[in-house]
Each structure stands twice: as structure tokens, then as C-alpha cells.
Number of protein chains: 2
Amino acid sequence: MASGRSHRPATRSRGIPEATVARLPLYLRALTALSERSVPTVSSEELAAAAGVNSAKLRKDFSYLGSYGTRGVGYDVEYLVYQISRELGLTQDWPVVIVGIGNLGAALANYGGFASRGFRVAALIDADHALTGRNVAGLPVRHTDELEDIIRDNQVSIGVIATPAGAAQEVCDRLVAAGVTSILNFAPTVLSVPDGVDVRKVDLSIELQILAFHEQRKAGEDLGEAVAAASAGEEKGGLAPRAKTAAAKAAAARTAAAKAVAAAAGKTKRPGPDGDVPAVMPA
Amino acid sequence: MASGRSHRPATRSRGIPEATVARLPLYLRALTALSERSVPTVSSEELAAAAGVNSAKLRKDFSYLGSYGTRGVGYDVEYLVYQISRELGLTQDWPVVIVGIGNLGAALANYGGFASRGFRVAALIDADHALTGRNVAGLPVRHTDELEDIIRDNQVSIGVIATPAGAAQEVCDRLVAAGVTSILNFAPTVLSVPDGVDVRKVDLSIELQILAFHEQRKAGEDLGEAVAAASAGEEKGGLAPRAKTAAAKAAAARTAAAKAVAAAAGKTKRPGPDGDVPAVMPA
DNA sequence: CTATGTGAATCGCTTCACAGCA
DNA sequence: TGCTGTGAAGCGATTCACATAG
């Protein structure tokens, strides 16, 4: 039943809001960069800019961790790096396994960002005997048969699934059964896991689809929208063929460029099944 | 200034909530699976389960698109597939470029999920002359010098950045200057883009860090928390060395297993700089 | 006088519960 | 009767604005 990113829906211990937790790594990265440049302190304003958020949010976020700043001055970079690292659990060493050593799995194995933040790739696992024994990113690929032993021997609690969609749930079940309680899922499937197991999902095609939605908004409305409007009014059952006109629309729209977009957004209507709905949000 | 996922903060045309947009691809995937099994209709309950959300949310989401269901019956699978596809802009063909053909870029180029949903990889681009000319996923890798020409010739409006962090902003600037208005960024950096350009970010190490946070919660509190509590009480400046004890904690905690987690969460306190903070949020 | 830390206002999303339609 | 569609309540996150501390 528990799946997706539902984090202990009822009993949130006392905690840091989930939205804040999701931003801590961002702050940490910005702080690490400052630290490397030997910058001693930052203001919330500067750090917020570096992390890509606004300063009020950043201050509120930090307030959940404690009062780590100095009024009139700012935050001590080194101190904050340590506090955030500790809060995120990065002062510890987390062994992870990557299951599914295809293109993506290999990319993950080679990804430097893991090792640099307390994550250690304990093993690479694949079901393909042609792969097992080979070296990827300096580690031997081991066979799925060994999965349970690997988890136990290395006391792995975090697993990364980079298998095809079809294999993901079974791999997930085995990981969980062997003791893994956090899963990062790259396979395009909804995983179901027991309570107490966290799943985070990274889905490349979903991200692109979200972009396409916004892109369509930018490009479409004032140009080729007759097409969409017409098909929207259709009776059920009449499925329109794929349009193939995006490039033309996009090109035309692109000429208008960035600034025009904001202006256009205001006078724009969405074609809906109900015909024309006036904009609800006044500018 | 505009960066991260801030989508037209003020002027939201009339629209579908962002949270809903982010779920549409999920529904679409579930529906596509049903369609392939020739299932004619689904109830909100069934579809919600397949997509990993609850049915109220799903119905509310669909209500933003229009009234596509039939009371007492459910939703017509084919019809809904089409409507969602159209809403997301997937009835069009979106040429994308991938910049940075390292491990990750290659993985993306090979990723089937792109092609299957209206996205066409128009070109692979890399700065490394050793790579250019080579074939990856059936496409020749082209040099960064050609970037602007490629964007224009193929009328590309969506770009994927899979370069090292250091190169990302410059690539981004060039993409935007050449006409790209949506960017999917895999590089661990905050990109700044002009208004009207959408950026979505996928950060592997951030996802892992979020998992680590929750993992630490599960494992830590009742076991080795003395360590964290002690160091939290320290004066500024005393940076504790990396702990390396995660595995031991995790192992011990894991024995207690999933069910214990929920129970433990209730009686747990966060160690803070101010010592002990009582739970602010009453259960 | 500057920049943090935080109550209070606001916003948007989720959930509830039921009216309305097939 | 069964399931959708949706006002209204609830809840968490963001933003505002200022008291507070250095």
C-alpha cells in the first residue's frame, strides 16, 4: 500500500518539514563550494542566491535546524556545512548497492557525486551472466543470485534500482526482504513496499513530459491551437493521429522569444472540453 | 533569477495545478499499460492504485482536464490516454538534444522511454573531439561547435544537459541563446536562465541524501544518537570527524525492522543545538 | 544599523464527504 | 445503486514583515 513518496503520513516524529529536507542538499552543495573558496561567512541572501531559492525560505529552513547564524553577520560556512551534513546523516558512511548495470546503472556507478557525500557503492548487481565478473567503475559486477548475501555482508540499507521496469518490483522485494529500507528507483514503475521502507523515484521520461506540457503552453496557445481545440470538442472515440506539427509551432513561437512568453500567458486561454473558460487568476 | 522549478509564479494562465501536471505522466503510464491489456474502462479507484496515488486526488486531477468519466462506470481507457497525451503535448513530436555524452548522456540516448512518448533525440553533442563522429545509440556524436546550428536546423526547443557541473551553465546559455526554452538538467548545479525558460533538475546525489536523512531517522534515534547529541551540543568550530558507524547502527536498527519504525517515530526527539526541544507539532 | 529568526498571513495542494448523474 | 465530480475543510509550505540580537 505504501508507495511513492509518502513519508510516514501520520507520525512525523517532530520534524523538519519534508520540503526543507529536500532543500538541505542544495544548501550543502552551495556551502561546500563556498568552503572550497575559503569563504568564512555568508548571508542568507547570498547563500539563497547560490542555492537558487529565496532568502526567507532559506532562513525558515535553517530555523528548523536551530539558530546557527549570527544576527547582523550571517552564517559560518564551515559550521553550517557540518551541521547540515550531520542532519542529513552524511557524517556517516552509507553503503549502497546498484542493481541493474545497463547504461544507466553503469553511469550511476561512475557518478562521482555518490562517493563524495558519504555514499559508497558496495556492489554492482546484474541478472545477466554476460556481465557478471566484468569490471564497471572499478568494481566487479556480481550476479543477482548473490543479492541477499551482498546486502547482509555489507549491511546495506540503501538500494538503487536501475533495471528494466519488468524486473524492478521483484528486485525491490528481494532488496527489502534482505534488509534494505530505502530505495532509489530509476525504473519506470510504481513500486509497492511495506511500511517503513522509503522509495524515491527518478523518472527521466516523466520530467521530459512535464517540460513538454509547459513547452506546449508557450508555443501552442496563440498559434496552432485550433487543432487542439477542434479535437477537444470531438466526441469520444475519435482519436486524432499524432500531429507532428510541434516543430513548426515551436519555431514560430520561438521567434517571439522569452519576453513575449510572459506577456502571452496573461491573455491566453486553455482549450477545454467545456469550450472556453476565462482566466480565473487575474494578473 | 528564474531558476529551479518556479513556473510562472504570478501569471498562471488558468491552469492545471503544477502538482497535477506532474502526475499526469504517471496516470498516462498506468493507462497505457491498461490499454495494452485491452482493458476498456477503469474506475478511479483501480487507476489510482496502479498509479500509486489515492483516488480522490486522481479524480480531482482529472476534474481539471474536464469531465472525462462516466458516473457509475469509470473512465474510458483509450479516450483518457488520448486526452492526457494531448494535454501533455505528447501528440506532437518534440525533438530534443542531449549535450554531454558521458556515461549518463549515453544512457539517456539509449533510454527507450524518450522515443516512446513523442520525444525524438535530434542530436547528441559533446565537447570532446575524441567522441565526435562516434556512434552512440545509432546517432553520431557531434561537436559543441555545431550546437547552435543543430538547434536551429532541427527546431529544437528542449535540451538535456548531462555535462559535468562546470560546463553546464555555459551550455545552458548557448542552448537558450539558440532558442531552447526548456531544459532538463542532470548536472549538479543551479542554472540561471531568463524568464520564460523552464528548467527541471534531476540530481542523483540529492535524492540519495534525502533517503539518507530518513534512513538516519529510522536507524539512529534509539541507538547511537548519543554521538550526534553530544556533537550537537559542541561549541562552534569543533568539527567532528566522519563517524563511519552507520553500518553498525543500521544493522542493529534493521533487526527491529519495518514495523518497529512507526512505533519508534512517536517517542522520538530530535537532538538540537539547544539541547532538547519538545515536539512542536502535537500528534 | 544590519541580517537573523519567527509569528502571522497567505497560498496551494490534499483530503473529506456528499450531491448529482448514469 | 455505484462511481464520478466538486464545494468545503484541513493542512503544510511559502511569504511577509518585524521584533530581536549582535
Side-chain angles (χ1 to χ4, degrees), chain A residues 4-24 27 40-49 51-77 79-80 83 236 272-274 277 280-282, chain B residues 4-12 14-24 27 40-49 51-77 79-80 83 236 272-274 277 280-283:
Chain A
R5 60 192 56 185
S6 61
H7 287 296
R8 55 205 79 166
T11 350
R12 238 260 299 297
S13 39
R14 185 238 61 248
I16 302 176
E18 188 60 28
T20 296
V21 172
R23 281 188 295 267
L24 291 181
Y27 301 142
T41 61
V42 258
S43 67
S44 62
E45 203 69 55
E46 296 164 321
L47 183 54
V53 302
N54 72 54
S55 63
K57 202 185 288 188
L58 177 142
R59 288 201 303 279
K60 180 64 91 178
D61 283 342
F62 286 0
S63 80
Y64 293 115
L65 310 182
S67 292
Y68 292 154
T70 308
R71 292 171 197 240
V73 179
Y75 299 92
D76 181 293
V77 172
Y79 184 61
L80 206 44
Q83 290 299 345
K236 294 192 182 187
D274 36 22
V277 183
V280 248
M281 300 264 169
Chain B
R5 62 194 54 185
S6 61
H7 288 294
R8 56 207 73 167
T11 351
R12 239 256 302 292
R14 191 238 61 246
I16 302 176
E18 189 60 29
T20 296
V21 173
R23 280 187 297 267
L24 291 181
Y27 301 142
T41 61
V42 259
S43 67
S44 63
E45 202 68 55
E46 294 165 323
L47 183 54
V53 304
N54 71 55
S55 64
K57 200 184 288 185
L58 177 142
R59 287 200 304 278
K60 180 65 92 179
D61 284 342
F62 285 0
S63 80
Y64 293 115
L65 308 183
S67 294
Y68 292 154
T70 308
R71 292 170 197 237
V73 178
Y75 300 92
D76 181 294
V77 172
Y79 184 62
L80 206 46
Q83 290 300 344
K236 295 191 183 188
D274 35 21
V277 184
V280 245
M281 299 266 169

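Bear in mind that the values here come from a model prediction, so they are computed numbers and not experimental data. Reminder, nothing fancy here: chain letters follow the sequence lines and each chain counts from 1.
Contact annotation: the side chain of B:Arg59 never approaches that of B:Ser63 to less than 4.5 Å [non-hydrogen atoms, C-beta and beyond].
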Can you check each nucleotide of nucleotides 15-22 of chain D against protein heavy atoms at under 4.0 Å and return B for base, S for sugar-phosphate only, - for none, in 5' to 3' order?
B-B-BBBS
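Note: CG (B:Leu47) to C1' (D:dT4) measures 13 Å, nearest angstrom. Here D:dG7 presents its C1' atom at 11 Å from OH of B:Tyr64, a figure rounded to the nearest Å. Regarding A:Tyr27, its OH atom lies at a distance of 13 Å from the P atom of C:dT4, rounded to whole Å. Regarding B:Glu18, its CD atom lies at a distance of 8 Å from the P atom of C:dC13, rounded to whole Å. Atom pair A:Ile16:CD1 and C:dG5:P shows a separation of 15 Å (rounding to whole Å applied). Nucleotide C:dG5 holds its C1' atom 14 Å from the CG atom of A:Leu80, rounded to whole Å. In this structure, A:Asp61 places its CG atom 7 Å from P of D:dT14, rounding to the nearest Å. Here the P atom of nucleotide C:dT6 and the CZ atom of A:Phe62 are 14 Å apart, to the nearest Å.
Considering every non-hydrogen atom in both A:Tyr75 and A:Ser43, the closest pair reads CD1-C, 4.5 Å. Heavy atoms only, all atoms of each residue included: A:Tyr27 and A:Ala51 are closest at CD2-CB, 3.8 Å. Here the shortest heavy-atom pairing between A:Leu58 and A:Ser44 reads CD2-CB, 3.7 Å. Smallest separation of non-hydrogen atoms from B:Asp76 and B:Thr41: CA-CG2, 4.2 Å.
Residue A:Tyr75 has a polar side-chain atom (N or O) positioned under 4.0 Å from OP1 or OP2 of C:dG5. Under 4.0 angstrom from either OP1 or OP2 of D:dC3 there lies no side-chain N or O belonging to B:Ser43. When the side-chain nitrogen and oxygen atoms of A:Ser44 are compared with OP1 and OP2 of C:dA3, none of them lie within a distance under 4.0 Å.
Considering A:Val53, A:Ile16, A:Thr20 as possible partners of A:Asp61, the one that fulfils the side chain to side chain contact (heavy atoms under 4.5 Å, CB included) test is A:Thr20.
A:Tyr68 has its ring centre no less than 6.0 Å from the ring centre of A:Phe62.
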